[in-house]
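All figures in this text were calculated on a predicted structure; none of them were measured in a lab.
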Amino acid sequence: MSVPGGSATSFCPLQKTGEMAASRAWRGEHLPFVAIMTLVTMVITLLFYALLWKAGNLVELPNLRIGFYNFCLWDKDVSSLQCHQFPELEALGVPQVGLALARLGVYGALVLTLFVPLPLLLAHCNGNEGEWQLAVVFLATSSMMLASGLGLFLSYVWKWARLSLLGPGFLALVLAQALLILLLRATAVFRPRAKVDKSKLETC
C-alpha cells in the first residue's frame, strides 16, 4: 500500500533542482547585463566629472591651469596666472584647428556614450542583435574619439603639462578610456539571447 505523502516527497528534490537551475539561468542571463550597464554608468560619470565638473582642466595648480577651454601660464612680471586665447595660443604652438578637433573628440565621446544605455536596454529586453550592435558602434566610436582627442591635446601642451602635473581630470579620462575598452570586450562576449516565442513552443 503506497504512502500518500510519499509521491509528493519524492518530487521535492526535483523541484529544488529545477529552482536552482532556473536561478542559475537567470543569473547567467541578467548579471552580465547588469555589470555592463554599471560600467557604462561609470564611464558617463567619469566623463561628466572630467569634462563638466572639472571644466576639461587636466592641470590645476596655483601657477598653472591647462585644459580644453583654459590655458593659463604663470606670469612672473605680475606674479599671477595669465590666461591666453587665440591668436596668442597659436604663437605658443597650439593651433586653433587642432584644439577644436581635440575638443570635438573628448566632448563628442561624452555625447555618444549618453546614447549607449537605451539600445543596450532594448536589446536585452527584446533579444535584438541589431540594437546591441548599435550600442557597440557607439562605444567603439566613443573610445576612438576620446583617445584621439586626448592624445591630440596632450601633443600640443606636453611642454607645459608634464605627467607629474596632470590632475584628477586627466586620470578620470584615462580611466574612462580603459573602461570603454573593457566594455567593448564585454559586449562582444555577452551578446543578448534571442527571445523564444512561447506560443510556438506550445504548438510543438
Side-chain angles (χ1 to χ4, degrees), residues 36 38-120 133-188:
I36 288 173
T38 302
L39 289 176
V40 172
T41 304
M42 291 175 62
V43 170
I44 293 174
T45 303
L46 288 169
L47 291 176
F48 262 100
Y49 170 78
L51 300 177
L52 299 179
W53 182 261
K54 286 295 184 179
N57 292 329
L58 304 186
V59 179
E60 285 187 301
L61 297 173
N63 61 344
L64 184 65
R65 186 183 302 120
I66 295 178
F68 292 97
Y69 288 94
N70 292 299
F71 196 92
C72 303
L73 304 176
W74 185 257
D75 191 337
K76 295 180 180 179
D77 296 333
V78 295
S79 298
S80 65
L81 281 177
Q82 182 70 32
C83 295
H84 301 275
Q85 302 292 336
F86 290 104
E88 294 176 342
L89 287 179
E90 289 185 329
L92 293 173
V94 182
Q96 188 170 4
V97 175
L99 182 58
L101 290 175
R103 291 171 178 171
L104 177 63
V106 293
Y107 285 92
L110 170 59
V111 173
L112 284 179
T113 308
L114 292 175
F115 288 98
V116 171
L118 181 58
L120 283 179
Q133 287 298 329
L134 178 61
V136 173
V137 169
F138 283 147
L139 287 172
T141 308
S142 298
S143 178
M144 290 187 294
M145 292 182 69
L146 179 59
S148 60
L150 182 59
L152 186 63
F153 180 77
L154 289 176
S155 68
Y156 294 138
V157 302
W158 193 248
K159 64 176 72 174
W160 302 282
R162 297 298 180 184
L163 186 60
S164 59
L165 302 178
L166 295 172
F170 171 76
L171 295 177
L173 291 179
V174 171
L175 183 56
Q177 177 63 43
L179 291 179
L180 282 171
I181 296 173
L182 179 60
L183 273 168
L184 286 172
R185 177 62 178 169
T187 50

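Distance OG/Ser155 to CG/Leu150: 10.0 Å, rounded to 0.5 Å. The CG atom of Leu173 lies 12.0 Å from the NZ atom of Lys54; values are rounded to the nearest 0.5 Å. The CD atom of Gln96 lies 10.5 Å from the CD atom of Gln85; values are rounded to the nearest 0.5 Å. If you take CZ on Arg162 and CG on Leu154, they are separated by 11.5 Å, rounding to the nearest 0.5 Å. Rounding to the nearest 0.5 Å places CG of Asp75 at 11.0 Å from SG of Cys83. To the nearest 0.5 Å, atom CD1 of residue Ile36 and atom CG of residue Leu183 are 7.0 Å apart.
You'll find the side chain of Leu47 reaches within 4.5 Å of the side chain of Leu146, heavy atoms only. Between Phe86 and Leu99 the shortest side-chain heavy-atom distance falls below 4.5 Å. The shortest distance between side-chain heavy atoms of Leu139 and Val43 does not fall below 4.5 Å. In this structure, the side chains of Leu114 and Phe48 come closer than 4.5 Å at one or more pairs of heavy atoms. Put simply, the side chain of Phe71 reaches to within 4.5 Å of the side chain of Val157, judged on heavy atoms. Taking 4.5 Å as the limit, some side-chain heavy atom of Ile66 sits within range of a side-chain heavy atom of Phe153. At least one side-chain heavy atom of Ile181 sits under 4.5 Å from a side-chain heavy atom of Ser143. The shortest distance between side-chain heavy atoms of Leu92 and Leu73 falls below 4.5 Å.
Between Leu51 and Leu110 the shortest heavy-atom distance is CD1-CB, 4.1 Å. For Ala147 against Gln177, the heavy-atom pair with the smallest separation is N-OE1, 3.4 Å. Contact detail for Phe170 and Leu163: the closest heavy-atom pair is CE2-CD1, 4.4 Å. Between Val116 and Ala135, the shortest heavy-atom distance links the atoms O-CB, 4.1 Å. Counting all heavy atoms, side chain and backbone alike, Ala172 lies closest to Ala50 at CB-CB, 3.9 Å. In this structure, Leu104 and Met145 approach most closely via the heavy-atom pair O-CE, 3.4 Å.
Below 30°, between 30° and 60°, or above 60°: for Tyr107 and Tyr69 the angle between ring planes is above 60°, a perpendicular geometry.
Atom CH2 of Trp74 has more than 12 neighbouring heavy atoms from other residues, nucleotides or ligands inside a 6.0 Å radius.
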Discussion item. Set out, in order, the CA-CA distance, both residues' side-chain angles and the distance that settles side-chain contact (heavy atoms from CB on, under 4.5 Å) for Leu175 and Tyr49, then state yes or no.
Written reply: CA-CA 12 Å; Leu175 183 56; Tyr49 170 78; over 6 Å; no
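The residue from Ile44, Thr45, Thr38 that alone fulfils the side chain to side chain contact (heavy atoms under 4.5 Å, CB included) condition with Thr41 is Thr45.
Of the possible donor and acceptor atoms, one in the side chain of Arg103 sits under 3.5 Å from a partner among the backbone N and O of Phe68.
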